[in-house]
Amino acid sequence: MRGAVIHAPGDVRFETLDDPRILKPTDAIIRTAVTCVCGSDLWPWRGLDATDEAHPMGHEYVGFVEEVGAEVTAVKPGQFVVGSFATSDNTCANCRNGWQSNCLDREFMSTCQAEYVRIPHAQGTLVATDEVPGEEFWPGLLAVSDVMGTGWYAADAAEVRPGSTAVVVGDGAVGLCAVIAAKEMGAERIIAMSRHEPRQKLAREFGATHIVTERGDEGVARIKELTDGIGADSVLECVGTAQAMRQALQSARPGGNVGFVGVPHDVAVDGQELFFSHVGLRGGPAPVRRYLPDLIERVLSGHIDPGKVFDLTLPLERVAEGYQAMDERRAIKALLKP
């Protein structure tokens with residue numbers, strides 16, 4: 001098969017790879033319908049995460065089951081499935097508590113920008129649709145496998161409630177999906193922090209009521225101005241930088257909550273400041289599997305359309321162009337078709 005391999009910062013190649021095969025009775029092999037480039041893939045592309053040796057890339061996927069191991073009964077060949085970037089058996093104590101992304105047998109997917117993918121713990125990880133959905137739904141379902149599920153977790157962790165004020169820090173695909181989530185959870189005011197007009201437009205389409213272009217201390221001051229000097233009930237941090245985390249914590253009101261889902265890079269939280277702020281803080285890899293059945297239904301019913309975050313479509317063989325476009329902010333998110 002063919003797939004994406006990163007060799008060094010800025011060097012992603014489309015290469016011939018070994019076909020995946022069943023290694024354990026809990027595995028499945030899927031044929032990729034569509035995959036994509038994630039904002040977190042840009043960390044190694046930019047050299048901010050080390051690439052010690054060449055390795056495959058990608059953790060977002062939807063596709064058709066080709067083969068299953070002997071212990072997999074939940075899905076069968078021919079079915080269309082959606083999974084998560086974190087695999088889970090969906091039976092351990094952490095899974096039963098709703099934290100499948102902290103499954104005791106968790107593995108992180110990392111080979112999905114390819115024509116075929118091996119899915120560990122397929123029984124607990126994959127959710128099949130009732131029938132093969134029309135291709136028009138594939139981008140939305142692909143978003144559910146990560147960015148929509150992650151945006152949903154940001155809103156859930158930040159405890160967005162009906163009638164509340166929510167702030168979304170970050171205007172990438174996760175941040176834009178977090179706007180959808182905040183709206184679905186009933187936020188009355190949704191403030192999207194964005195400096196980019198196309199992303200602002202999509203944020204408003206998804207439900208943002210206000211746009212704040214300022215960052216850092218100026219951004220915090222603007223949020224306070226919009227909230228009578230108090231701060232927001234919920235802040236959804238969807239970037240992962242030190243500035244974004246600080247901005248999020250300082251934008252929340254006393255008793256408010258911050259949900260952080262951006263993969264942290266050089267982020268440090270001041271314990272004294274957090275202690276006296278009375279702000280709640282929760283985050284981590286999103287338990288996407290917990291949300292999959294609900295989000296799949298919302299997409300297939302046309303209730304939400306997170307697939308709109310894909311504003312660039314390329315054949316999989318041009319995967320490097322997708323990285324380049326996202327790195328240069330010429331694209332929000334690149335969809336790849338095998």
Side-chain angles (χ1 to χ4, degrees), residues 26 28 30 38 40 59-63 72-75 79-110 112 119-130 133 137 140-162 166 168 173-187 234 236-238 257-263 280-301 303-307 309:
T26 50
I30 67 166
C38 183
S40 62
H59 54 264
E60 296 156 286
Y61 59 96
V62 295
V72 178
T73 59
V75 298
Q79 287 186 305
F80 187 95
V81 291
V82 184
S84 166
F85 60 85
T87 71
S88 55
D89 57 31
N90 219 21
T91 61
C92 77
N94 290 344
C95 288
R96 294 197 305 272
N97 286 327
W99 297 99
Q100 291 93 336
S101 52
N102 223 314
C103 175
L104 295 175
D105 292 318
R106 174 186 66 190
E107 296 182 41
F108 286 112
M109 297 299 299
S110 60
C112 298
I119 311 294
H121 309 299
Q123 180 82 1
T125 300
L126 298 176
V127 176
T129 56
D130 291 337
F137 292 108
L141 294 172
L142 179 61
V144 164
S145 79
D146 183 358
V147 291
M148 185 64 241
T150 296
W152 195 271
Y153 174 56
D156 195 6
E159 298 187 13
V160 175
R161 298 288 184 264
V168 177
V174 172
L176 291 167
C177 288
V179 172
I180 295 176
K183 181 181 180 182
E184 291 295 292
M185 293 183 189
S234 300
L236 289 59
E237 192 282 300
C238 303
N257 293 280
V258 172
F260 69 104
V261 296
V263 179
L281 179 63
R282 168 170 279 161
V288 170
R289 179 61 180 83
R290 187 205 307 177
Y291 308 127
L292 279 184
D294 177 39
L295 293 179
I296 289 170
E297 174 57 30
R298 290 175 193 253
V299 169
L300 293 179
S301 67
H303 192 68
I304 63 173
D305 188 7
V309 299

Parallel, tilted or perpendicular: which describes the rings of Phe85 and His59, with under 30° parallel and over 60° perpendicular?
-> perpendicular
Would you mind reporting whether [Y] and [X] have side-chain heavy atoms less than 4.5 Å apart?
| X | Y | value |
| --- | --- | --- |
| Asp156 | Arg290 | yes |
| Glu159 | Arg282 | no |
| Thr87 | Cys103 | no |
| Gln123 | Asp89 | no |
| Glu60 | Ser145 | yes |
| Leu281 | Phe260 | yes |

First locate atom [atom1] of [X], then atom [atom2] of [Y], and finally report the distance between them rounded to the nearest 0.5 Å.
| X | Y | atom1 | atom2 | result |
| --- | --- | --- | --- | --- |
| Met148 | Leu295 | CE | CG | 5.5 Å |
| Arg289 | Ser101 | CZ | OG | 12.5 Å |
| Glu297 | Ile304 | CD | CD1 | 10.5 Å |
| Ile119 | Cys112 | CD1 | SG | 5.5 Å |

Which heavy atom of Pro133 sits nearest a heavy atom of Leu300, and at what distance?
-> CB-CD2, 3.8 Å
Minimum heavy-atom distance Leu236-Ala166, with the two atoms named | CD1-CB, 4.4 Å
Answer with yes or no whether the side chains of Gln100 and Asn90 bring together a donor and an acceptor at under 3.5 Å.
-> yes
